[in-house]
There are 2 protein chains.
Amino acid sequence: MSGPNTAVGSQVNGGTPLGPCGDDDCGIRDVLDRLGDRWTVLVVVELAKGSRRYGELERAIPGISQRMLSLTTKRLCRDGLTERIVHPTLPPQVEYRLTPMGRSLSVMISALADWSRENKAAIAEARARWDGSVGTA
Amino acid sequence: MSGPNTAVGSQVNGGTPLGPCGDDDCGIRDVLDRLGDRWTVLVVVELAKGSRRYGELERAIPGISQRMLSLTTKRLCRDGLTERIVHPTLPPQVEYRLTPMGRSLSVMISALADWSRENKAAIAEARARWDGSVGTA
DNA sequence: CTGAATCCGACCAGATACTG
DNA sequence: CAGTATCTGGTCGGATTCAG
C-alpha cells in the first residue's frame, strides 16, 4: 500500500497528480466539507451495508442525536448520495439507501477506513513519541 | 434489533466489506477527525508536491493563518505524517516534508480529489434539484 | 415512527500582537 | 523567517420539546 514512488518532489500517483489545477484545491474541500462532520461518514458506512430505516440508523450509530441524524440524511439526500423512500404505512416507515453515486463514495470511505486501520498503530506510536519528547521536556 | 446486518450482504467492495468489526466504526473517525478540519488536507496536498518551507506553505495555501498553519503542521508532525527539518542557517529555515506514511495518506486524498472532480457536477445538479423542489415550494 | 424547532454549550478557526 | 499567545466570533453538535 505504501507509495512506490521514489522521488519525494514528484507526485505520488500517476492517475491524477494532485494538482492539475495549479494552486487550486480542485474541489477537494467540497468533499471534505461533507465528510468532515462527525456523522456523515458513519451514516454512509451503515447504509453501505444495505437500506436502513430512520430508527435503524439511530440505533446502529451509537451517540448520534435525532437532530444530527436528520440533518445528515437530509444533506445526503440533497447531494444525491442517498435516496429517501417513504412507505405510506401506519405507522409511517422511511427507508434510506445509497444512490449509485453514494455507493461509489462509500468505496472511497472504505479505502480510507483501510488506511486508518493499517496506520492507526503507527500514528499512535508517533504521537506517543512526540508527546514524550515534547511534553516531558 | 441487535444484528440486522446478517441478512444484508450488499457490500460495495470486496477488499474490505466496510464492516469487519461489526457495529464499530473501526477507527474511521480517527482519520476523519484529522482530515475533517479546514486545512490539513490542503497542507498534505501541497507537501505531496514536494518539501516546503513555512513561508512557502503559507503562500501556497491562500487564506490560511499563521496560527492554523502552525497548528496543522504540528499535528501532522505529531502523528508522524510529516517531518520537520530545521536548517541552522541565518535566518532560520524550516523544511516540512511528508513521511512515507504521510505520502500513503496523500494517495488516499488524491483518490478523494478524483472522486470529487468526477462527481462535483452531479452533486451540484442534485442539490439544485432538491433546492428547487423543496425550497421554492 | 419520523422527523422539525429551539435553546445552549463547546470547539474550531481568524485576527492581531508579540517573540526568537 | 518561523513561529507563539490571546481574544473573539461563528459554527457544530447535544438535549429537549413539539408535530405529523
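Values in this document were obtained by computation on a predicted structure and should not be read as measured data.
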Among C:dA17, C:dG14, C:dT2, find the nucleotide with the atom closest to the side chain of B:Gln66.
C:dA17
Please check if B:Leu90 and B:Tyr54 belong to a single hydrophobic cluster, counting links between Ile, Leu, Val, Met, Phe, Trp and Tyr side chain heavy atoms closer than 4.5 Å.
no
Just how far, in rounded Å, is C1' of C:dT2 from CG of A:Leu57?
12 Å
Closest contact, heavy atoms only, A:Arg29 versus B:Gly36
NH2-O, 4.2 Å
Give the rounded distance in Å between these two atoms: CD1 of A:Ile64 and C1' of D:dG13.
10 Å
Between B:Arg75 (CZ) and C:dC11 (C1'), how many Å, whole number?
11 Å
Hey, are the side chains of B:Arg84 and B:Val94 touching, using non-hydrogen atoms and a 4.5 Å cut-off?
yes
B:Ser70 side chain, from C-beta outward: closest of D:dG14, C:dA4, D:dT4:
D:dT4
Quick note, A:Pro91 side chain, CB onward, closest among C:dG20, C:dC1, D:dG3 is C:dC1
Determine: side-chain N/O of A:Tyr54 to OP1/OP2 of C:dA4, distance under 4.0 Å, yes or no.
no
Do B:Trp130 and B:Glu125 come close enough that some side-chain heavy atom pair is under 4.5 Å?
no
Of the candidate nucleotides C:dG14, C:dG3, D:dA2, which contains the atom at the shortest distance from the side chain of A:Val94?
C:dG3
Is B:Lys74 close enough to D:dG3 that one of its side-chain N or O atoms is under 4.0 Å from OP1 or OP2 there?
no
What nucleotide among D:dG3, C:dA4, D:dC1 has an atom nearest to a side-chain atom of B:Arg53?
D:dC1
Out of D:dC1, D:dG14, C:dA15, minimum distance to the side chain of B:Arg67 belongs to C:dA15
Roughly how many Å is it from CG in B:Leu90 to C1' in C:dG20, rounded to a whole number?
11 Å
5' priority, DNA chain D, between B:Arg59 and B:Leu71 [closest heavy atom]:
B:Arg59
Spacing between B:Glu58 atom CD and D:dA2 atom P, to the nearest angstrom:
9 Å
In whole angstrom, what separates A:Arg52's CZ from C:dG3's P?
16 Å
Whole-Å distance separating the CE atom of A:Met68 from the C1' atom of C:dT6:
15 Å
Could you tell me the separation between the NE2 atom of A:His87 and the P atom of C:dG3, rounded to a whole number of Å?
12 Å
Are any of the side-chain heavy atoms of B:Val44 and B:Leu76 separated by less than 4.5 Å?
yes
Among C:dA13, C:dG3, D:dG14, which nucleotide sits nearest the side chain of A:Arg84?
C:dG3
Using a 4.0 Å heavy-atom cut-off, does B:Gln93 contact any base of the nucleic acid, only the sugar-phosphate backbone, or nothing at all?
sugar-phosphate
Check whether any side-chain N or O of A:Trp39 sits under 4.0 Å from OP1 or OP2 of D:dC12, and answer yes or no.
no
